[in-house]
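By convention in this document, chain letters (A, B, ...) are assigned in the order of the sequence lines, proteins followed by strands, and residues within each chain are numbered from 1.
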2 protein chains.
Amino acid sequence: MFKGSLLEAMVAHASENKKPTDKQQKILESAIRIFAEKGYTNTSTSEIAKAAGVAEGTIFRKYGTKDNLLLSVIVPFLKDLFPAIAEGVFNEVMTKDILSFEDFLRAFLKNRIDFFNENKEIFQIVVKEMLYNTELRNEMLPFFLENVSPRIAKIINVFKERGELADFPTRTIQKMVFTFIGGYFVSNFVLLPENGTDSVDKEIENIIRFVMNGVGTGKKPH
Amino acid sequence: MFKGSLLEAMVAHASENKKPTDKQQKILESAIRIFAEKGYTNTSTSEIAKAAGVAEGTIFRKYGTKDNLLLSVIVPFLKDLFPAIAEGVFNEVMTKDILSFEDFLRAFLKNRIDFFNENKEIFQIVVKEMLYNTELRNEMLPFFLENVSPRIAKIINVFKERGELADFPTRTIQKMVFTFIGGYFVSNFVLLPENGTDSVDKEIENIIRFVMNGVGTGKKPH
DNA sequence: AAGAAAAGTGAGTAAGCACTCACTTTTTAT
DNA sequence: ATAAAAAGTGAGTGCTTACTCACTTTTCTT
């Protein structure tokens, strides 16, 4: 499996901007759909070729290997996944200090839920392969922990200083909030993707209320 | 892949009680270790045989198929996973009404964290295959939603009536709490299994505090 | 319109896979 | 001690897999 090539692939992706042919588009669409449903390892290139209506050789002419086809699917997604949040929202919060932590959460959740809804299948692929594929996990986790995590910590510290967040260790707050939000995304977009329950806005308010106040009443028993 | 055989396998497991030979034990141990690390599909039977120091035929003499080897690994785990909580703790809470929801959570978390620590690798296998393997997911999810979920709902209702839990819809509370606890288990035992941060007791208190009160101060900005 | 470059094809290939089976070794029962 | 049953073996089998390559078709350039 691809060793040390995720970052390379992300850099390479930037300098590559030719638009795909119809058949290349079909290949990508079929790959995304089948990878998302059955997982990368359980999907054969011949199956993708058949679904896309192309010869198997066409896949390999363009992408070289099956690994590289997977990278071609997930790299554009990953490039959108991390920086968009960290840069955009971060700056917005830090410069204009009009936002409360609730407003920050609201903007963040709206933004990411829209993004995952638009890229549901690729998100499913990434989550599945994160768990299943040792190399991919070993490339993505450090990247996240080094690049994204510190920015989140800064945001939390800002709101702790403003007195909006409890005076727990930043690490603890970060872990709790992101475990919950991550769990929410995975359970809603990967585990139970067809449960279209409440409206998105209502769901967001539920999440915010839980993150800020929990489910207790504050009343002690007996 | 195994169709409709999970429940069958769980029933069959009950009436099967011969102790395994040394080699059978080695096969199970190797399978668990390698399945957990690389995933079921990425693991070949020849690799398991080599790791266990047996001939490949030995695996198939005992287990028949690779699928059945996976079932032999996860069925005993699943039989412990669901009923233990639902039956045991449930009754304890409902009869003696000495426990607060916090105490219930504390007992529940202690119990399950111990269980997952003792069966960490099998838990990793189950989580990975839940996401990766369509058939297994389609067998386990309904089972959970039908058998476990209603019991949890009852518990939540009891504490709602006692005024310890906020008057939100039971479904909402259940979803929030279990998304969070599920996310916690997955991130601690599957995604980052080697992060031995704080003591377990301290972690449990953090979880309870977050579930009950969230991370907000209640103070509104400006 | 002609030549070049790019895209697409599909039969073919070697390697790896889950699984079988005739056989040997070990354990159990009498 | 001996026969029967159970456990273990490993070379072999047919199938699927990712990938190749000589070739054809389409698109681009001038």
Side-chain angles (χ1 to χ4, degrees), chain A residues 1-3 5 9 15-32 34-35 37-74 125 129 132-136, chain B residues 1-3 5 9 15-32 34-35 37-74 125 129 132-136:
Chain A
M1 200 79 187
F2 41 75
K3 18 182 174 179
S5 55
S15 58
E16 166 202 294
N17 43 9
K18 273 185 284 182
K19 56 182 149 189
T21 65
D22 285 1
K23 302 219 163 187
Q24 281 160 18
Q25 190 59 36
K26 280 273 189 188
I27 290 170
L28 277 179
E29 286 168 10
S30 300
I32 289 170
I34 307 177
F35 283 163
E37 197 208 325
K38 314 200 312 177
Y40 174 80
T41 313
N42 290 325
T43 304
S44 71
T45 48
S46 77
E47 191 180 358
I48 295 169
K50 197 181 283 180
V54 302
E56 209 175 337
T58 309
I59 294 176
F60 288 94
R61 181 134 301 305
K62 174 71 187 177
Y63 299 101
T65 65
K66 191 189 167 193
D67 270 8
N68 196 47
L69 173 59
L70 176 63
L71 285 177
S72 300
V73 166
I74 66 177
I125 296 171
E129 294 310 316
Y132 221 75
N133 182 313
T134 315
E135 278 97 0
L136 190 67
Chain B
M1 201 81 188
F2 41 77
K3 19 183 173 176
S5 55
S15 58
E16 169 201 292
N17 44 9
K18 274 184 284 184
K19 55 183 151 190
T21 65
D22 285 3
K23 301 219 164 185
Q24 281 162 15
Q25 189 58 36
K26 279 273 188 189
I27 290 170
L28 277 179
E29 286 168 9
S30 299
I32 288 170
I34 308 177
F35 283 163
E37 198 208 326
K38 314 200 311 178
Y40 173 79
T41 314
N42 290 325
T43 304
S44 71
T45 48
S46 77
E47 191 179 358
I48 295 169
K50 197 182 283 180
V54 302
E56 208 175 339
T58 310
I59 294 177
F60 288 95
R61 181 137 300 306
K62 173 72 187 175
Y63 299 100
T65 65
K66 192 188 167 194
D67 269 9
N68 196 48
L69 173 60
L70 176 63
L71 285 178
S72 300
V73 166
I74 65 177
I125 296 171
E129 294 309 318
Y132 220 75
N133 182 315
T134 315
E135 278 97 0
L136 189 67

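- Side-chain contact check for A/Ile27 versus A/Lys62: every heavy-atom pair is 4.5 Å or farther apart.
- Sequence order on DNA chain D of the closest nucleotides to A/Lys66 and B/Asp22 puts B/Asp22 first from the 5' end.
- As a whole-Å value, the separation of A/Glu47 CD from D/dT16 C1' is 12 Å.
- Using a 4.0 Å heavy-atom cutoff across all strands shown, A/Thr43 reaches sugar-phosphate atoms only and no base atom.
- A/Thr43 OG1 to A/Leu70 CG: the interatomic distance, rounded to the nearest 0.5 Å, is 10.0 Å.
- In this structure, B/Tyr40 contributes its side chain and B/Asp67 its backbone to a donor-acceptor pair below 3.5 Å.
- Taking every heavy atom of residues 50-61 of chain B and every atom of DNA chain D, pairs under 4.0 Å involve B/Val54, B/Ala55, B/Gly57, B/Thr58, B/Arg61, by number.
- Between the CZ atom of B/Arg61 and the CD atom of B/Glu56 there is a distance of 14.0 Å, given to the nearest 0.5 Å.
- Heavy atoms of A/Lys62 sit nowhere under 4.0 angstrom from any nucleic acid atom.
- Taking OG of B/Ser30 as the start and NZ of B/Lys50 as the end, the distance is 12.5 Å to the nearest 0.5 Å.
- Every residue meeting the side chain to side chain contact (heavy atoms under 4.5 Å, CB included) condition with A/Asn42, not counting sequence neighbours, appears here in chain and number order: A/Lys38, B/Thr41, B/Tyr132.
- Using a 4.5 Å cut-off on side-chain heavy atoms (C-beta onward), A/Leu69 and A/Ile48 make contact.
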Test log, rule side-chain contact (heavy atoms from CB on, under 4.5 Å), inputs A/Tyr63 and A/Leu28: CA-CA 10 Å; A/Tyr63 299 101; A/Leu28 277 179; 3.4 Å; yes
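- When DNA chain C is scanned in the 5' to 3' direction for atoms under 4.0 Å from non-hydrogen atoms of chain B, the outermost contacting nucleotides are C/dC17 to C/dA22.
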